[in-house]
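As structure tokens, the structure follows; a few thoughts come after it.
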Protein chains: 2
Amino acid sequence: MQATEAVEDYLKVIYHLVTEGEAVTTSTIARRLGVSAPSVSAMVKRLEAGELVVRRGEGGLTLTSGGEVQALRVVRRHRLLETFLAEVVGVPWDEVHDEAEVLEHSLSDRLEDRIDALLGHPAHDPHGDPIPPRTGPHNERWADPLTAAPTGSRFQIERVSDRDPEALRYLADIGLRPGVLVEVGARAPFGGPLWITVDGAEHALGSQLTNLLHGAVVTTGTTPIRRRRAG
Amino acid sequence: MQATEAVEDYLKVIYHLVTEGEAVTTSTIARRLGVSAPSVSAMVKRLEAGELVVRRGEGGLTLTSGGEVQALRVVRRHRLLETFLAEVVGVPWDEVHDEAEVLEHSLSDRLEDRIDALLGHPAHDPHGDPIPPRTGPHNERWADPLTAAPTGSRFQIERVSDRDPEALRYLADIGLRPGVLVEVGARAPFGGPLWITVDGAEHALGSQLTNLLHGAVVTTGTTPIRRRRAG
DNA sequence: GCGCCGGATTAGACGTGTCTAACATCAGTG
DNA sequence: CACTGATGTTAGACACGTCTAATCCGGCGC
């Protein structure tokens with residue numbers, strides 16, 4: 001099956017839904033891609049014919065191994081481009097996602113490899129998302145959300161979801177980036193904000209923001225671990 | 001009119017044909033783009049409806065001012081990308097054209113400006129082709145072909161056509177790049193090769209190669225002028 | 001049980017961009 | 001003058017990707 005831009009976009013969205021544990025249905029795909037439900041129906045039929053996805057009762061769709069390979073290729077190009085744009089071109093944190101979104105479809109294998117080498121084969125993009133290897137297994141693990149951290153604990157941020165540029169700008173402003181350590185304070189009741197301390201400053205984060213932050217509770221005394229590049 | 005990739009490609013080819021002094025006809029466009037003549041007929045009809053080209057008896061088509069603006073935007077992105085890929089990413093001379101060819105359609109204005117600034121607003125791409133400004137007038141002057149230089153003269157190369165990667169590799173190997181000075185030797189008769197001396201070494205160039213080289217005869221005694229960036 | 005509601009699909013249409021086959025036109029040449 | 005060859009157009013088809021409108025279906029409230 002021909003890997004057009006649309007096909008790549010669908011596979012990528014399906015991959016993300018799967019790894020985020022969301023239902024992979026016509027409506028969730030349509031919502032993510034901003035297209036109508038019938039468009040998704042039609043495309044899914046094509047993807048099934050091309051043996052890139054299969055129906056798996058209830059939960060909805062799954063990628064075949066062939067489909068996953070293609071999805072990972074797109075995810076890899078996207079995250080490599082984000083890293084490249086941020087580190088080499090100096091594109092701000094909150095802009096790299098949108099730029100990579102369009103460039104990812106036009107990146108040749110040759111240029112992909114060159115950028116990968118230039119960056120020293122990075123393992124994570126600027127938001128902390130792992131960059132799949134060109135071939136071989138990939139572990140797309142989502143760390144725990146900040147909301148799961150108990151009051152009084154220390155929490156190290158690993159990933160910051162990259163979808164909302166405005167939120168990203170705010171988070172960057174107050175110093176919330178991958179690798180940063182925060183102290184988890186009180187949680188206001190009835191869906192109220194979560195108080196955290198970062199860099200000695202206190203902030204109240206609404207659920208719209210806390211949902212974007214993933215990481216792990218740090219057992220006391222450990223020095224913050226800075227993320228490093230892969231070998 | 002919607003500036004799709006296809007539309008951008010057609011406008012770019014028409015622009016190049018015009019500036020190279022070639023006829024802008026259905027068949028020349030078809031040949032350049034590698035599509036059939038009826039495809040060109042159909043697209044030209046759409047471009048006319050969108051007021052991007054007009055028919056101008058005999059010579060064929062011309063770009064309207066609106067069409068030229070769009071064409072120059074594509075040419076600018078292409079040449080900026082070539083420069084960026086060569087200087088920043090380290091892509092070899094003969095590969096930048098093909099890579100830029102696909103990326104040029106996905107480069108946002110924002111990223112274009114950022115790359116332009118990062119490069120210091122370059123005036124020429126690695127092949128010596130002038131980079132159009134984002135707005136305002138642009139002079140796409142083609143210097144004289146090497147074939148026009150008289151035997152015994154010294155010729156400074158300004159532009160090397162970028163279309164043939166194999167030829168580019170060979171030319172780079174023997175040191176023929178923009179800015180380089182060559183001595184024009186004897187011309188073998190009946191379409192035979194042209195002898196030139198560059199870096200003290202003599203080479204016989206067939207017409208396939210001499211057609212790619214453009215520049216100017218240098219009046220004696222002048223030191224070679226290195227191309228520099230614009231202000 | 002009936003009706004409603006949300007999700008999914010089918011039906012039908014459209015725009016884009018391409019193709020091949022057939023036809024038209026025009027220049028030159030025997 | 002009629003044939004040939006190049007060039008260009010029209011006609012008709014197809015693939016892709018999208019849309020809206022209509023239908024279908026399964027669960028739930030009354």
Side-chain angles (χ1 to χ4, degrees), chain A residues 1-15 17-18 21-63 66-67 70-71 74 101-102 104-106, chain B residues 1-15 17-18 21-63 66-67 70-71 74 101-102 104-106:
Chain A
M1 156 158 234
Q2 185 63 3
T4 63
E5 284 197 21
V7 166
E8 290 188 345
D9 282 337
Y10 277 85
L11 292 176
K12 194 177 57 162
V13 161
I14 293 169
Y15 176 81
L17 288 170
V18 168
E22 307 251 335
V24 187
T25 62
T26 303
S27 44
T28 55
I29 298 171
R31 199 156 27 244
R32 282 283 177 105
L33 282 173
V35 298
S36 70
S39 301
V40 177
S41 273
M43 177 58 94
V44 165
K45 199 174 289 178
R46 283 203 289 276
L47 294 177
E48 279 184 283
E51 299 190 337
L52 296 174
V53 305
V54 285
R55 259 168 234 275
R56 191 203 48 179
E58 268 326 293
L61 297 164
T62 332
L63 293 169
Q70 285 217 26
V74 184
E101 198 72 18
V102 295
E104 67 191 8
H105 303 296
S106 335
Chain B
M1 156 158 232
Q2 186 62 5
T4 63
E5 284 197 20
V7 167
E8 290 188 346
D9 282 337
Y10 277 85
L11 291 176
K12 194 177 57 163
V13 161
I14 292 169
Y15 176 80
L17 288 171
V18 168
E22 308 253 334
V24 187
T25 62
T26 303
S27 44
T28 55
I29 297 172
R31 198 156 28 245
R32 282 283 177 106
L33 281 173
V35 299
S36 70
S39 300
V40 177
S41 274
M43 178 59 95
V44 165
K45 199 173 289 178
R46 283 203 288 277
L47 295 177
E48 279 185 285
E51 299 190 336
L52 296 174
V53 304
V54 285
R55 259 167 235 275
R56 191 200 48 178
E58 269 325 294
L61 296 164
T62 332
L63 293 168
Q70 285 217 26
V74 184
E101 198 70 20
V102 295
E104 67 190 8
H105 303 295
S106 336

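Worth saying up front: this structure is predicted, and the values here are computed from it rather than measured. Below, read A as the first sequence line, B as the second, and so on, with proteins coming before strands; counting in each chain starts at 1.
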If I compare all heavy atoms of [X] with all of [Y], which pair ends up nearest, and what's the gap?
X: B/Gln70; Y: B/Ala3; result: OE1-CB, 3.5 Å
X: B/Ala71; Y: B/Tyr15; result: CB-CB, 3.8 Å
X: B/Ile29; Y: B/Val24; result: CD1-CG1, 4.1 Å
X: B/Val53; Y: B/Val44; result: CG2-O, 4.3 Å

Quiz item: B/Thr28 side chain to B/Ala23 main-chain N or O, any donor-acceptor pair under 3.5 Å?
Solution: yes
Exercise. Ignoring hydrogens and angles, tell me if any N or O in the side chain of A/Thr62 forms a donor-acceptor pair with the backbone of A/Arg56 under 3.5 Å.
Key: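 Not a single qualifying donor-acceptor pair exists.
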How long is the line joining [atom1] of [X] and [atom2] of [N], in whole Å?
X: A/Leu33; N: D/dC19; atom1: CG; atom2: P; result: 10 Å
X: A/Leu47; N: D/dG17; atom1: CG; atom2: C1'; result: 12 Å
X: B/Leu52; N: C/dT16; atom1: CG; atom2: C1'; result: 15 Å
X: A/Glu48; N: C/dA8; atom1: CD; atom2: C1'; result: 13 Å
X: A/Glu22; N: C/dG7; atom1: CD; atom2: C1'; result: 17 Å
X: B/Met43; N: C/dT18; atom1: CE; atom2: P; result: 6 Å
X: B/Glu8; N: C/dT16; atom1: CD; atom2: C1'; result: 15 Å

Quiz item: Strictly by modelled atom types, are A/Ser41 and A/Thr26 linked by a side-chain donor-acceptor pair under 3.5 Å?
Solution: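 Short answer, no.
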Exercise. For the residue pair A/Met43 and A/Val7, establish whether any side-chain heavy-atom pair is separated by less than 4.5 Å.
Key: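 With C-beta onward as the side chain, the pair touches.
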Exercise. Begin with the C-alpha distance, continue with both residues' side-chain angles, and end with the deciding distance and a verdict on side chain to side chain contact (heavy atoms under 4.5 Å, CB included) for A/Val40 and A/Tyr10.
Key: CA-CA 9 Å; A/Val40 177; A/Tyr10 277 85; 4.1 Å; yes
Quiz item: Base, sugar-phosphate, or nothing: which does A/Arg55 touch, judged by heavy atoms less than 4.0 Å apart?
Solution: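 If one applies the 4.0 Å heavy-atom cut-off, A/Arg55 turns out to touch the sugar-phosphate alone, with no base involved.
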Among [options], the one nearest [X] by side-chain distance:
X: B/Lys45; options: C/dA8, C/dT18, D/dT10; value: D/dT10
X: A/Thr26; options: C/dA8, C/dG17, D/dT10; value: C/dA8
X: A/Ser27; options: D/dC16, C/dA8, C/dG17; value: C/dA8
X: B/Tyr10; options: C/dT18, D/dT10, D/dG17; value: C/dT18

Quiz prompt | Distance below 4.0 Å between A/Arg46 side-chain N/O and D/dC16 OP1 or OP2 | solution =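 So the side chain of A/Arg46 is outside the cut-off, no N or O lying under 4.0 Å from OP1 or OP2 of D/dC16.
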Quiz item: Hey, does the side chain of A/Thr4 come within less than 4.0 Å of D/dG17's phosphate (OP1/OP2), counting only N and O?
Solution: yes
Practice problem: Kindly calculate the angle separating the two end axes of the helix from C/dG1-D/dC30 to C/dG30-D/dC1, each obtained from five base pairs, and round it to 10 degrees. | Solution: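 If I round to tens, the end axes sit 30° apart.
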Quiz prompt | Criterion side chain to side chain contact (heavy atoms under 4.5 Å, CB included) on A/Leu47 and A/Ile14, from CA distance to verdict | solution = CA-CA 11 Å; A/Leu47 294 177; A/Ile14 293 169; 4.2 Å; yes
Distances for protein N/O vs nucleotides 19-28 of chain C N/O pairs under 3.5 angstrom?
unit_1 : atom_1 : unit_2  : atom_2 : d
C/dC19 : OP2    : B/Ser36 : N      : 2.8
C/dC19 : OP2    : B/Ser36 : OG     : 2.9
C/dC19 : OP2    : B/Ser39 : OG     : 2.4

Quiz item: Yes or no on side chain to side chain contact (heavy atoms under 4.5 Å, CB included) for B/Val74 and B/Leu11, after CA distance, side-chain angles and deciding distance?
Solution: CA-CA 9 Å; B/Val74 184; B/Leu11 291 176; 5.9 Å; no
Self-check item: Audit row: A/Lys12, A/Glu101, salt bridge (Lys or Arg N to Asp or Glu O under 4.0 Å) steps and yes/no
Solution: CA-CA 11 Å; A/Lys12 194 177 57 162; A/Glu101 198 72 18; 2.6 Å; yes
Hey, what are the protein-to-nucleotides 12-15 of chain D N/O distances that come in under 3.5 Å?
none

